[in-house]
Amino acid sequence: IFSGIAVKKVYLETYRDGYTADEKVLREAKKVMEKEGIKVSGGITTTHFSDKVKYNEMVSAAGCYTDKNANRNLRKTVEFTAGIFNEIIIDDWFFTICTCPDCKKAKQGKTWPEYRSRLMHDAAKKHIVDQAKKTNKKVKVVLKLPQWYEEYYERGFDMTKLIGIFDEVAVGTESRDFKTGRYMPVHGGMLYRYIKEIAPEKVKKAWFDIYMTDANIYVEQAYQSVMGGAEEIILFCAGIMPQKEMRPMVEALIEKTPQMGRLRDLHKIFKVPVIRKANTYGDDKLHQYFLMLGIPIFLTERMKFEERIVILTEQSEKKSEYAKLFNYFLKEKKDIVLTAGVAKEIKKYFKFKKIGKAVKGEIIKYAGRQNSIKGKVVINSELTGGKHLALINGAYPFLTFFKIKNSKVFVLSLPEETAAITDITGDRQSADYRYLIKTLGMADAVRNIFKNYANVLLFDRIKTYYKYNL
């Protein structure tokens, strides 16, 4: 299993899907591995403590934390695990999308995100962390966060409160196959840097699995984890690594690993902050596309930074606070790139005209050139005023420049993509902003904004381990 991999640590899972490992086996395995010089910690996957999965909003093994019996079983499992190990990692199945009658009754007048985030906070503290430390004063409890950060709040993760409960946080850097999913190859590194921005002292570990990958994707996930700054990479899971169909991916990772160590020194290349506040929505899946264009962005909640430019998207703040946020950066004399969704709420400076019938986007005109748009995009509104740097169909603004006070301001009017991709289940998923990286004029227009603020040429060469045909 471990041949060729510099394994320094193993997490032994004590519980998953209703099965509890034998204590004698766990203790013996721990003893044998420690004798070999391998550190050993425990792991818990919080699935099937309750029998209410039929009430989940989608097909999922995620649990119900309104269920008192399930919480009792969770506490017992944590007590059992903390009695053996001095470190426990909680798998990222620790979330909830339950809509059972008990949850609906307890929710009362709250929204689902409000109710679930409070519920998960209390479950994490009372049934996991407090119970573990009551059993073992030396124990450290680590939460593994999933890759779907835009859905955190919907599924019970209020990042302003939840991270503070745990001793450490591991970040899920799985991107899997972008051809059948909505995560681009750069997603894992971006997410790792974001969570580390939120809790710099607690974030040290990246975690990815082998599912829905090939050798290149598996290596890419490792590359992005190291590029993000991970000090420890957790490979899930040892039991499948020697399997015939999986081993070639592991061998590829073994071969490429020595080339990745130096990447951790490249964190200074990320020079374009994107403000991202917890528990916000909008411009879904957009952040990663800046990186795919070769723009070295990093997501942050910080309002004070030395960089001269900032990106604002619909996830930068609650809608009612967009104008206040924009004015703050004007006062700071920062140059600003903002999406049309933000600009529409800042009526003092930006005026939009609604288009009666959606217009199909076919051509992008930029810097004297015309390119066909590689996607099925439509335009629903039009920004008036400003200097139009790039136009769709020769008439509708794609990139518009304004000089406001001491700031250069660029508004990105991103058309809506109506095309879809097919995932591994055969379902249709949004193609999101793939047209940006497939359409030369659009890619150049966005990329050229940042050439005076960051090393775009260098980052474009190293943003991914492999080059992808998009």
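Quick note: numbers below take in every heavy atom, side chains included, and nothing from hydrogens, waters or symmetry partners. Along the sequence shown, the residues carry numbers beginning at 1.
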Is it true that a side-chain atom of [X] and a backbone atom of [Y] form a donor plus acceptor pair closer than 3.5 Å?
{"X": "Tyr433", "Y": "Leu414", "value": "no"}
{"X": "Gln370", "Y": "Lys365", "value": "no"}
{"X": "Asn406", "Y": "Lys333", "value": "no"}
{"X": "Asn279", "Y": "Tyr153", "value": "no"}
{"X": "Asn393", "Y": "Glu362", "value": "yes"}
{"X": "Asp335", "Y": "Ile309", "value": "no"}
{"X": "Lys202", "Y": "Val169", "value": "no"}
{"X": "Thr173", "Y": "Gly189", "value": "no"}
{"X": "Gln288", "Y": "Val186", "value": "no"}
{"X": "Asp167", "Y": "Val141", "value": "yes"}

Sidechain N-carboxylate O distance under 4.0 Å for [X], [Y]:
{"X": "Glu417", "Y": "Arg434", "answer": "no"}
{"X": "Arg155", "Y": "Asp92", "answer": "no"}
{"X": "Lys134", "Y": "Asp130", "answer": "no"}
{"X": "Glu174", "Y": "Lys144", "answer": "yes"}
{"X": "Glu220", "Y": "Arg176", "answer": "no"}
{"X": "Glu87", "Y": "Lys9", "answer": "yes"}
{"X": "Lys285", "Y": "Glu151", "answer": "yes"}
{"X": "Glu307", "Y": "Lys334", "answer": "no"}

Which heavy atom in [X] sits nearest to a heavy atom in [Y], and how many Å separate them?
{"X": "Ile210", "Y": "Thr213", "result": "O-OG1, 2.8 Å"}
{"X": "Ile421", "Y": "Ser430", "result": "CG1-O, 4.0 Å"}
{"X": "Thr46", "Y": "Phe94", "result": "OG1-CA, 3.4 Å"}
{"X": "Val272", "Y": "Ala454", "result": "CG2-CB, 3.9 Å"}
{"X": "Ala222", "Y": "Leu253", "result": "CB-CD1, 3.4 Å"}
{"X": "Phe178", "Y": "Pro185", "result": "CD2-CG, 3.7 Å"}

Among side-chain atoms of [X] and [Y], is any donor-acceptor pair under 3.5 angstrom?
{"X": "Gln224", "Y": "Tyr192", "answer": "no"}
{"X": "Tyr115", "Y": "Thr66", "answer": "yes"}
{"X": "Thr422", "Y": "Arg428", "answer": "yes"}
{"X": "Thr45", "Y": "Glu13", "answer": "yes"}
{"X": "Glu197", "Y": "Thr300", "answer": "yes"}

[atom1] ([X]) with more than 12 external heavy atoms under 6.0 Å:
{"X": "Lys126", "atom1": "NZ", "result": "no"}
{"X": "Lys376", "atom1": "NZ", "result": "no"}
{"X": "Lys8", "atom1": "NZ", "result": "no"}
{"X": "Lys277", "atom1": "NZ", "result": "yes"}
{"X": "Lys125", "atom1": "NZ", "result": "no"}
{"X": "Lys318", "atom1": "NZ", "result": "no"}
{"X": "Lys196", "atom1": "NZ", "result": "yes"}
{"X": "Lys353", "atom1": "NZ", "result": "no"}

Only one of Ile392, Leu412, Leu391 passes side-chain contact (heavy atoms from CB on, under 4.5 Å) with Leu399, and that residue is Leu412
Between [X] and [Y], is the ring centroid distance below 6.0 Å?
{"X": "Tyr349", "Y": "Phe402", "answer": "no"}
{"X": "Phe298", "Y": "Phe305", "answer": "no"}
{"X": "Tyr152", "Y": "Phe95", "answer": "no"}
{"X": "Phe157", "Y": "Tyr149", "answer": "no"}

Tell me, with the steps shown, if Asp432 and Met184 meet side chain to side chain contact (heavy atoms under 4.5 Å, CB included).
CA-CA 11 Å; Asp432 299 316; Met184 291 288 108; over 6 Å; no
Side chain to side chain contact (heavy atoms under 4.5 Å, CB included) evaluation trace for Arg116 with Lys110:
CA-CA 9 Å; Arg116 288 171 179 164; Lys110 298 184 181 72; over 6 Å; no
For a 4.5 angstrom cut-off between non-hydrogen side-chain atoms, does [X] reach [Y]?
{"X": "Lys271", "Y": "Tyr453", "value": "no"}
{"X": "Phe410", "Y": "Leu338", "value": "no"}
{"X": "Met159", "Y": "Ile195", "value": "yes"}
{"X": "Arg461", "Y": "Leu458", "value": "yes"}
{"X": "Gln147", "Y": "Ser175", "value": "no"}

Which pairs of donor and acceptor atoms, one on a side chain in residues 444-452, lie under 3.5 Å apart (sequence neighbours left out)?
unit_1, atom_1, unit_2, atom_2, d
Asp444, OD1, Arg447, NH1, 3.1
Asp444, OD2, Arg369, NH2, 2.8
Arg447, NE, Leu293, O, 2.6
Arg447, NH2, Leu293, O, 3.4
Asn448, OD1, Lys451, NZ, 3.1
Asn448, ND2, Tyr366, OH, 3.1
Asn448, ND2, Asp444, O, 3.1

Assess whether side chain to side chain contact (heavy atoms under 4.5 Å, CB included) is satisfied between Glu332 and Val310, documenting all intermediate values.
CA-CA 11 Å; Glu332 291 290 305; Val310 64; over 6 Å; no
Think Lys344 forms a cation-pi with Phe352, using NZ or CZ under 6.0 Å from the six-ring centre and within 45 degrees of its axis?
yes
Pick out which of Arg276, Glu301, His287 makes a side chain to side chain donor-acceptor pair (under 3.5 Å) with Tyr194.
Arg276
Show the numbers, then the answer: is there a side chain to side chain contact (heavy atoms under 4.5 Å, CB included) between Ile275 and Phe329?
CA-CA 11 Å; Ile275 303 300; Phe329 286 115; 3.9 Å; yes
